[in-house]
There are 2 protein chains.
Amino acid sequence: MSQRRVTIADVAEHANVSTAAVSKVLRNAYGVSPAMQTRVQEAIAALGYRPHAAARGMRGQTYTVGVLVPDVRNPFFPELIEGMVEHLGATNYQVLLGPGGSEPESQSRSIDAMVDRRMDGLILIAPIVGRRALEETARAVPTVVIGRHGRSADYDAVVDDDQVGAGLVVDHLADLGHRRIAHIEHRYTRRGSPTTMPQTVRAEGYRRAMERRGLGGYVDVVASTYTEEGGYTATKELLARPVRPTAIFAGADAAAIGTLNAVHEAGLSVPGDISVAGYDNTAIAALGPISLTSVDQDGHLMGVNAARMLLERVEGTRERSALLTLSPTLVVRRSTAPPPT
Amino acid sequence: MSQRRVTIADVAEHANVSTAAVSKVLRNAYGVSPAMQTRVQEAIAALGYRPHAAARGMRGQTYTVGVLVPDVRNPFFPELIEGMVEHLGATNYQVLLGPGGSEPESQSRSIDAMVDRRMDGLILIAPIVGRRALEETARAVPTVVIGRHGRSADYDAVVDDDQVGAGLVVDHLADLGHRRIAHIEHRYTRRGSPTTMPQTVRAEGYRRAMERRGLGGYVDVVASTYTEEGGYTATKELLARPVRPTAIFAGADAAAIGTLNAVHEAGLSVPGDISVAGYDNTAIAALGPISLTSVDQDGHLMGVNAARMLLERVEGTRERSALLTLSPTLVVRRSTAPPPT
DNA sequence: CTGAAAGCGCTAACAA
DNA sequence: TTGTTAGCGCTTTCAG
């Protein structure tokens with residue numbers, strides 16, 4: 001299997017310097033003369049040397065940022081990831097994604113795996129592991145959590161104001177004249193601290209907004225999952241109510257898609273019979289035939305900022321933990337209209 | 001930042017054995033008595049020890065499989081990834097994904113990064129790097145390439161028969177009575193060996209099938225990209241033809257979505273005015289309002305097999321390179337119908 | 001500014 | 001079967 005890889009020793013020999021000198025050049029460390037700098041760089045180029053990240057990690061950094069991706073199918077995550085990659089692509093750091101799955105156990109496994117591989121920093125997208133475990137890893141390696149509300153002294157956080165987002169939807173629907181506005185929530189049946197999860201905040205935001213609009217008596221939440229299937233099932237349930245809702249606010253576009261399918265299947269029309277709104281403003285929502293009213297989170301911006309905040313911690317520029325809250329906007333499309341008269 | 005991590009030395013001390021013994025237990029290596037086995041395992045549990053993957057990699061393996069993901073937005077890739085994760089989840093190996101981007105340069109960077117981190121094996125999803133470079137990395141670390149046609153002595157490959165798939169679509173449309181069947185191809189303007197790429201084989205399969213059906217005179221290929229925007233642009237171009245096609249076969253669902261948007265925007269209906277077919281049978285294709293006729297590749301199966309084949313190489317069970325070709329099927333939905341009369 | 005030497009946590013080869 | 005020892009490729013003191 002091929003010849004031995006070029007190592008720092010080869011470069012040192014080729015350039016007639018010590019390995020320590022090469023190491024310094026590699027890291028732009030203090031204390032190298034311009035002459036040596038160029039000598040070493042020439043040797044590196046001549047030999048096609050690439051430092052061995054795993055070995056570097058044994059003493060210093062691995063120059064790797066790990067990103068926990070709970071659900072590889074969630075179409076919102078690519079926005080985040082592209083934001084991170086864009087920001088980190090300009091640095092020496094490499095991004096590696098850990099497919100975490102939707103269970104706390106599998107996510108923990110993935111997180112541990114990244115820690116065990118000596119990643120310099122971690123970005124966790126809406127992790128559903130317990131707060132305790134979260135803070136423990138955050139104390140071991142700089143961590144930015146995306147999507148979970150509530151601040152921590154140990155990790156930085158980037159969140160979108162889900163409560164405001166839910167309010168935008170309820171206001172929009174109420175303004176159109178809807179009263180029977182139902183909500184589809186994502187709920188996992190595990191322990192943890194659910195109040196900090198986006199889905200909980202969205203559901204709570206929905207409730208508060210309904211009350212604020214004097215629609216407290218119409219509050220109707222179905223617990224399901226933020227998946228197409230979850231939306232489908234929940235909608236079936238809603239359509240079977242003695243008195244049907246005139247609008248369904250799904251907590252995520254993925255679920256809203258399932259809602260559209262179920263409504264479609266029931267022979268009802270959107271928005272003629274029922275208005276449907278989603279959350280995340282996924283690319284799917286913008287599709288002509290779908291045209292789903294949805295809350296936009298600017299995932300790209302969230303990703304960029306998460307990466308930026310993480311680097312500040314990795315490089316020690318900032319000590320104290322920070323929380324960045326971004327504001328959502330509502331994108332109105334053709335899936336919402338006044339209720340049938 | 002927390003206390004020192006538990007190392008193999010701590011475990012050895014706690015269990016009153018040598019570090020070598022612990023190492024052996026860790027790897028189920030030959031030559032450990034049951035007694036020591038349990039002693040060590042108890043110590044591991046007691047201290048909450050997790051081996052340091054990066055350090056292991058310095059001498060042995062990292063127990064990490066790297067997957068190059070060119071486009072995090074492509075909805076077909078999650079199928080592959082879930083297949084891999086499912087298969088590898090039952091082993092000691094961890095999956096990490098490298099976001100490669102759609103440029104050869106960024107992909108190479110990502111691949112190198114995974115090699116530099118001593119991954120035990122690589123799965124490359126439709127990489128667009130040159131064959132030379134591909135074989136070079138394959139000689140450095142066991143590699144399975146997904147989606148590129150043509151065999152290699154250095155790497156294993158898993159492909160779906162794209163030529164057959166394109167033929168299925170053309171046959172279906174021709175059977176419906178279409179003649180003006182246009183095709184949207186993905187083309188990047190770089191060097192490389194494009195004939196082995198799926199998009200090239202699909203386009204070629206389209207051409208051959210058209211000729212086979214006596215429609216050689218109607219061949220109409222627009223070079224664009226397998227993205228929503230690419231499909232949109234290409235369709236705009238097709239709709240501007242003096243004589244419009246009656247059917248558009250987009251080489252990927254993502255592009256087909258763009259096609260649907262463009263057709264929709266032009267005030268035309270699908271399939272009334274124009275039939276549209278995609279490729280990959282993505283989850284989006286199945287959505288009620290979309291209902292896109294598409295070629296199904298069983299990405300899950302491809303992922304599982306890629307992972308299986310890779311492990312065979314990593315663990316040395318198989319020496320010779322292998323090529324696995326799977327067959328596609330056509331899923332007919334409501335986006336295709338006879339041409340307008 | 002430069003280099004020698006120690007050691008990061010682990011595994012492999014060898015000795016006991 | 002078990003333990004000892006020598007590194008893997010790099011960074012980091014700390015002398016020179």
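Only heavy atoms go into these numbers, but all of them, side chains included; no hydrogens, no water, no symmetry mates. Below, chains carry the letters A, B, ... as their sequence lines are ordered, and counting in each starts from 1. No experiment lies behind these values; they were computed from the predicted model shown.
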Mind checking [X] for me? I need base, sugar-phosphate or nothing, with any heavy atom below 4.0 Å counting as a touch.
X      : answer
G60(B) : sugar-phosphate
R27(B) : sugar-phosphate
V22(B) : nothing

Side chain R151(A), main chain A157(A), donor-acceptor under 3.5 Å: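 Not at all, since once roles are kept as given, no pair shorter than 3.5 Å links the two residues.
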Identify which nucleotide among [options] has an atom closest to any side-chain atom of [X], counting heavy atoms from C-beta outward.
X      : options                 : result
S33(A) : dC1(C), dT11(C), dG9(D) : dC1(C)
S18(A) : dG3(C), dT11(C), dG3(D) : dG3(C)
M36(B) : dT1(D), dG9(D), dG3(D)  : dG3(D)

Phosphate contact (dT11(D) OP1 or OP2) by S23(A) side-chain N/O below 4.0 Å: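 Yes, such a contact exists.
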Presence of Y49(B) side-chain N/O under 4.0 Å of dC10(C) phosphate oxygens OP1/OP2: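 It does, given that an N or O in the side chain of Y49(B) lies less than 4.0 Å from OP1 or OP2 of dC10(C).
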Along DNA chain D (nearest heavy atom to each residue), the more 5'-positioned of V6(A) and A20(B):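 Looking at DNA chain D, the more 5' nearest nucleotide goes with A20(B).
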Closest-nucleotide ordering on DNA chain D, the 5'-leading residue of G31(B) and I8(A):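 In this pair, the answer is G31(B).
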Pair E312(B) + R308(B), salt bridge at N-O below 4.0 Å: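 Result for this pair is yes, salt bridge flagged.
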Flag for R131(B)-T196(B): side-chain donor and acceptor within less than 3.5 Å: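 Absent: no donor and acceptor within the cut-off.
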Atom-pair distance (NZ on K24(A); C1' on dT12(D)), nearest Å: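 These atoms are roughly 9 Å apart.
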Whole-Å gap separating P (dT11(D)) and CZ (R59(A)):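 Going from CZ in R59(A) over to P in dT11(D) covers 11 Å.
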Side-chain heavy-atom pair L68(A), I123(A) within 4.5 angstrom cut-off: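 SC-SC contact between L68(A) and I123(A) ruled out.
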